[in-house]
Amino acid sequence: MTAYDAIVLAGGAAKRLGGADKPGIRVGGRALLDRVLAACADASTTVVVGGRRPTVRPVTWAYEEPRGGGPLAALDAGVRRTTADRFLVLSADLPFLGPGTVGALLSAVRDGQWEERREGALCVDRQGRDQPLVAVYRAEPLRRELALLAAEHGGLSGLPLRLLTSEMDLARVELDPLASFDCDTWEDIAVARARIREHGAVLDEWITAVKNELGIELDVDTDVLLDLARDAAHGVARPAAPLTTFLVGYAAAKAAGEAAGEGGDGATAVAEAARKAAALALRWADENEKR
């Protein structure tokens, strides 16, 4: 993965939300800001421009000058606290942003991608509109343009982002249309919450939310655990399903701790514990059928 710093703009008055604390609004059980921070977890440094609050991972905090000075002033405040050659720039209200989008944008500005190096890459939405707060910029041209705009206008407060992007040589990248879906109104929030709960996505969203809440990083084969729960429910009794998966988790944590010095990992421990418990449930069911 290309090294980069992330700048997340989490200020603004949220007037269309009645002045609500937009970065803290929860979608799928997670604050909007935390969802964005999870998408760029591998950033070398992450700067959040806005009010301090508890976050899912450590960040550096900054404020634009003057407070409420708008997106260009906020971006400048973030840039001043970063050192990488590339900046990922995001708003804090992107519920569907994922690491895949971040990786695609970084790839678009990687050396050698084009005959001539571009100065950045930004998402375009399904209507073809630029999304400058779902973008990656090269550090040198971004710093240059911010300085030129500040000199020309006597500062950056109140200036629109288009003044910046119109002066830069940027690639337009069409990605997942949901990647740039932002939440400006309560209707947007309702749409995001409903989509999170759609069949086919709800389990992944729930598992991610639980891992976030418990502060754990673990890749789990969901199908293995669902099969185990089914076998325990059918072969033993319905209440056996949650009890068995709990015991498997406990056993996996114990085994992973014991194997830590030998290069063991949690995912392998979960798979092995689930295999043993599933085999036991099948034996139990087989005995019941033979009675």
Side-chain angles (χ1 to χ4, degrees), residues 4 6-43 46 48-50 53 55-57 59 70-71 74-75 78 87-109 120-137 160-162 164-165 170-209 212:
Y4 70 97
I7 301 171
V8 182
L9 306 192
K15 292 180 180 179
R16 296 169 69 186
L17 287 166
D21 175 25
K22 182 161 65 168
I25 293 174
R26 295 184 177 275
V27 173
R30 294 189 288 161
L32 284 170
L33 175 57
D34 282 345
R35 297 183 73 91
V36 172
L37 292 177
C40 57
D42 58 349
T46 299
V48 177
V49 185
R53 68 189 65 236
T55 52
V56 69
R57 62 181 181 83
V59 300
L75 177 57
F87 304 142
L88 172 70
V89 177
L90 303 168
S91 60
D93 60 350
L94 302 165
F96 303 112
L97 182 73
T101 297
V102 172
L105 288 170
L106 288 167
S107 294
V109 293
L122 50 74
C123 274
V124 293
D125 65 18
R126 63 182 68 191
Q127 284 78 38
R129 295 173 299 199
D130 288 352
Q131 300 296 314
L133 296 184
V134 189
V136 170
Y137 301 96
L161 278 167
R162 65 175 179 274
L164 174 72
T165 56
L170 303 173
R172 269 67 183 177
V173 183
E174 294 185 16
L175 298 169
D176 179 357
L178 286 176
S180 59
F181 179 92
D182 56 357
C183 294
D184 291 325
T185 67
W186 286 114
E187 182 180 359
D188 294 335
I189 296 293
V191 168
R193 286 172 170 169
R195 187 175 287 273
I196 287 294
R197 287 165 171 76
E198 287 181 354
H199 181 69
V202 66
L203 276 182
D204 287 340
E205 284 289 343
W206 171 246
I207 290 170
T208 300
N212 177 70

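Values below: every heavy atom of this structure, side chains too, minus hydrogens, waters and symmetry copies. Note that the structure is a prediction, hence the values are computed from the model and not measured.
Using a 4.5 Å cut-off on side-chain heavy atoms (C-beta onward), V89 and P132 make no contact. In this structure the side chain of Q131 never reaches within 4.5 angstrom of the side chain of L94, judged on heavy atoms. Between D42 and Y4 the shortest side-chain heavy-atom distance falls below 4.5 Å. Within the 4.5 Å cutoff, the side chain of V27 has no heavy atoms near those of the F96 side chain. Counting heavy atoms from C-beta on, the side chains of L37 and R30 never come closer than 4.5 Å. At a threshold of 4.5 Å between non-hydrogen side-chain atoms, the residues F181 and D188 count as touching. Annotation: side chain of K22 is in contact with side chain of D184 (closest heavy-atom distance under 4.5 Å). The side-chain heavy atoms of R195 and L178, taken from C-beta on, include a pair separated by under 4.5 Å.
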Run the side chain to side chain contact (heavy atoms under 4.5 Å, CB included) check on I25 and L17 step by step: do they pass? CA-CA 10 Å; I25 293 174; L17 287 166; 4.0 Å; yes
Could you walk me through whether V109 and Y137 satisfy the side chain to side chain contact (heavy atoms under 4.5 Å, CB included) test, starting with their C-alpha distance in whole Å, then the side-chain angles of each, then the deciding distance to 0.1 Å, before giving a yes or no? CA-CA 8 Å; V109 293; Y137 301 96; over 6 Å; no
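When all heavy atoms of A121 and L170 are compared, the closest pair comes out as N-CD2, 4.3 Å. In terms of heavy-atom proximity, I196 sits nearest to G28 at CG2-CA, 3.8 Å. Residues A74 and V49 approach most closely at O-CG2, 3.5 Å, considering heavy atoms. For L122 against A135, the heavy-atom pair with the smallest separation is CB-CB, 3.5 Å. Closest approach of V173 to A108, counting heavy atoms only: CG2-CB, 4.1 Å. When every heavy atom of P177 is checked against every heavy atom of R126, the shortest pair comes out as CB-NH2, 3.2 Å.
If you take CG on L75 and CG on L133, they are separated by 8.0 Å, rounding to the nearest 0.5 Å. Separation of atoms CG (L9) and CG (L161) is listed at 7.5 Å; rounding is to 0.5 Å.
Screening residues 97-108 for salt bridge (charged side-chain N to carboxylate O under 4.0 Å, His left out), with sequence neighbours left out, gives no hits.
With respect to C40, the side chain to side chain contact (heavy atoms under 4.5 Å, CB included) criterion is satisfied by exactly one of T101, I7, L90: L90.
Under the rule for a salt bridge (Lys or Arg N to Asp or Glu O under 4.0 Å), the partners of D130 that lie at least two apart in sequence or sit in another chain are R172. For D182, there are no salt bridge (Lys or Arg N to Asp or Glu O under 4.0 Å) partners, not counting sequence neighbours.
In this structure, R16 contributes its side chain and T185 its backbone to no donor-acceptor pair below 3.5 Å.
Look at D34 and R26 and you find no salt bridge, because none of the NZ, NE, NH1 or NH2 atoms lies under 4.0 Å from a carboxylate O.
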